2 protein chains.
Amino acid sequence: MSLLQEKERFKEALEEKGIKNTKHRIAILGILAETQMPLTAEEVFLNLKDKDISIWISTVYRTLETLSAKGLTIKSSFMDDGKARYQLNQNEHKHHLICIKCHKMIPIDECPFHDIEEELKDKVNFQVIGHKFEIYGYCSECKSLNR
Amino acid sequence: MSLLQEKERFKEALEEKGIKNTKHRIAILGILAETQMPLTAEEVFLNLKDKDISIWISTVYRTLETLSAKGLTIKSSFMDDGKARYQLNQNEHKHHLICIKCHKMIPIDECPFHDIEEELKDKVNFQVIGHKFEIYGYCSECKSLNR
DNA sequence: ATGACTGCAAAAGTTTTGCAACGGT
DNA sequence: ACCGTTGCAAAACTTTTGCAGTCAT
């Protein structure tokens, strides 16, 4: 997809969610689309600076919170390092292999949850809202660098 | 299990890991065993204060980090609220249903991972270290309170 | 007695908030 | 023109660190 097409797609997504289409929001969505990796607010901020886009880190935080509240991005903190990470919500039901070292995410097709969802609903009285399934380890590159 | 038995068990666990057996460590493990819920450092701290145990919050943090490094507790930050939570490592391979509201954890026997582990190893060159599988929603009590 | 652990204070790091100015619809 | 968004500064909050004294082995 071209950058222009992408920009247009983001613009439409913002409209659909009823929030304003600003250059910062488009830029942040662009960064997340480009890196295809969950980024901390600071990483997003630095990426923007690299592109000579002037923005304040509080705006990055506010934007990422807003986008996550609207479902355009997903906030998670799976790394347990005290930093929240944000990624584009690709709106596909996907899970990932996550490299502990470089944070690369490798999407996988498997979703084990659906198989046991029914089973669970009957066994325990629990209203399921969502689930998280992530596998941690070293990707092929980091694996070879590591030893 | 009686409190005394528990204390003895914790003491042995600390010895086994080669770290000192102090009243604070025993107390913190006790809180985690008692609540059976992932707690933030502050929650652990407040629980201790309730029991008139004098401790500094930095000690709570240091202790929880140490216990997690030794595998006696597990650190996670699945709630995406910027706070790390710690729970007892019961040393069983378990996953949980986690109530979004009260943070209650309901253990489940299912682990979908093992079924697809082999499959993945072949498909992608990825060295698996661990995985996280959690299901979020409302437990039966919070469910009825909610609507 | 030695080294690990803790009390305490202070700093570091991340995230949030307030307010005025700015920008999109 | 209106109201959501952003720049900027400052505060709030979570977590870490340093050092001296204490405690477990």
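Residue numbers begin at 1 in each chain, while the letters A, B, ... track the order of the sequences. These numbers were taken from a predicted model, which means no experiment stands behind them.
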Check residues 58-72 of chain A and write down every donor-acceptor pair under 3.5 Å in which the side-chain atom is one partner and the other belongs to a residue at least two apart or another chain.
unit_1, atom_1, unit_2, atom_2, d
Thr63(A), OG1, Thr59(A), O, 2.7
Glu65(A), OE2, Lys75(A), NZ, 3.0
Glu65(A), OE2, Tyr86(A), OH, 2.9
Thr66(A), OG1, Arg62(A), O, 2.8
Ser68(A), OG, Leu64(A), O, 2.8
Ser68(A), OG, Thr73(A), OG1, 2.8

List the atom pairs, donor and acceptor, that lie under 3.5 Å between side-chain atoms in residues 21-33 of chain B and the rest of the protein, sequence neighbours left out.
unit_1, atom_1, unit_2, atom_2, d
Thr22(B), OG1, Arg25(B), N, 3.3
His24(B), NE2, Ser54(B), O, 3.1
Arg25(B), NH1, Lys20(B), O, 2.9

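Per the geometry, CZ belonging to Arg85(A) stands 11 Å off P belonging to dT14(C), to the nearest Å. Between Phe45(A) atom CZ and dG13(C) atom C1' the separation is 15 Å, expressed in whole Å. Atoms OH (Tyr61(B)) and C1' (dA10(C)) sit 15 Å apart, rounded to a whole Å. Remark: C1' of dG7(C) and CG of Leu48(B) are 15 Å apart, rounded to the nearest angstrom. Between the CD1 atom of Ile57(B) and the C1' atom of dT14(D) there is a distance of 9 Å, rounded to whole Å. Taking atom CG on Asp81(B) and atom C1' on dT15(C), their separation rounds to 12 Å, with Å as the unit. If you measure from atom CD of Glu65(B) to atom P of dT14(D), you get 16 Å, rounded to the nearest angstrom. Protein atom CG of Leu46(A) is 11 Å distant from nucleotide atom P of dT14(C), rounded to whole Å.
Taking hydrophobic clusters as Ile, Leu, Val, Met, Phe, Trp and Tyr residues chained together by side-chain heavy-atom distances below 4.5 Å, Leu14(A) shares a cluster with Ile53(A). Note: the hydrophobic cluster containing Phe10(A) does not contain Ile74(A) (ILVMFWY, side chain heavy atoms under 4.5 Å, direct or indirect links). Under the 4.5 Å side-chain heavy-atom criterion for grouping Ile, Leu, Val, Met, Phe, Trp and Tyr, Trp56(B) is not connected to Leu48(B) through any hydrophobic cluster.
Applying the salt bridge (charged side-chain N to carboxylate O under 4.0 Å, His left out) rule to Glu34(A) yields the partners Lys51(A); only residues at least two apart in sequence or on another chain are considered. The side-chain contact (heavy atoms from CB on, under 4.5 Å) check on Thr40(B) picks up Glu42(B), Glu43(B), Lys83(B), Arg85(B), with sequence neighbours excluded.
Residue whose closest nucleotide on DNA chain D sits further toward the 5' end, between Tyr86(B) and Glu15(B): Tyr86(B). Comparing Asn21(B) and Thr40(B) by the nucleotide of DNA chain D whose heavy atom lies nearest to each, the residue mapping closer to the 5' end is Thr40(B).
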**OP:** If a protein heavy atom is under 4.0 Å from the base, mark B; if only from the sugar-phosphate, S; if neither, -; do that for nucleotides 5-13 of chain D going 5' to 3'.
**Re:** SBBBB----
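Relative to the axis of its first five pairs, the axis of the last five pairs of the helix from dA1(C)-dT25(D) to dT25(C)-dA1(D) sits at 40°, rounded to 10 degrees.
Side-chain contact check for Arg9(B) versus Glu6(B): some heavy-atom pair is nearer than 4.5 Å.
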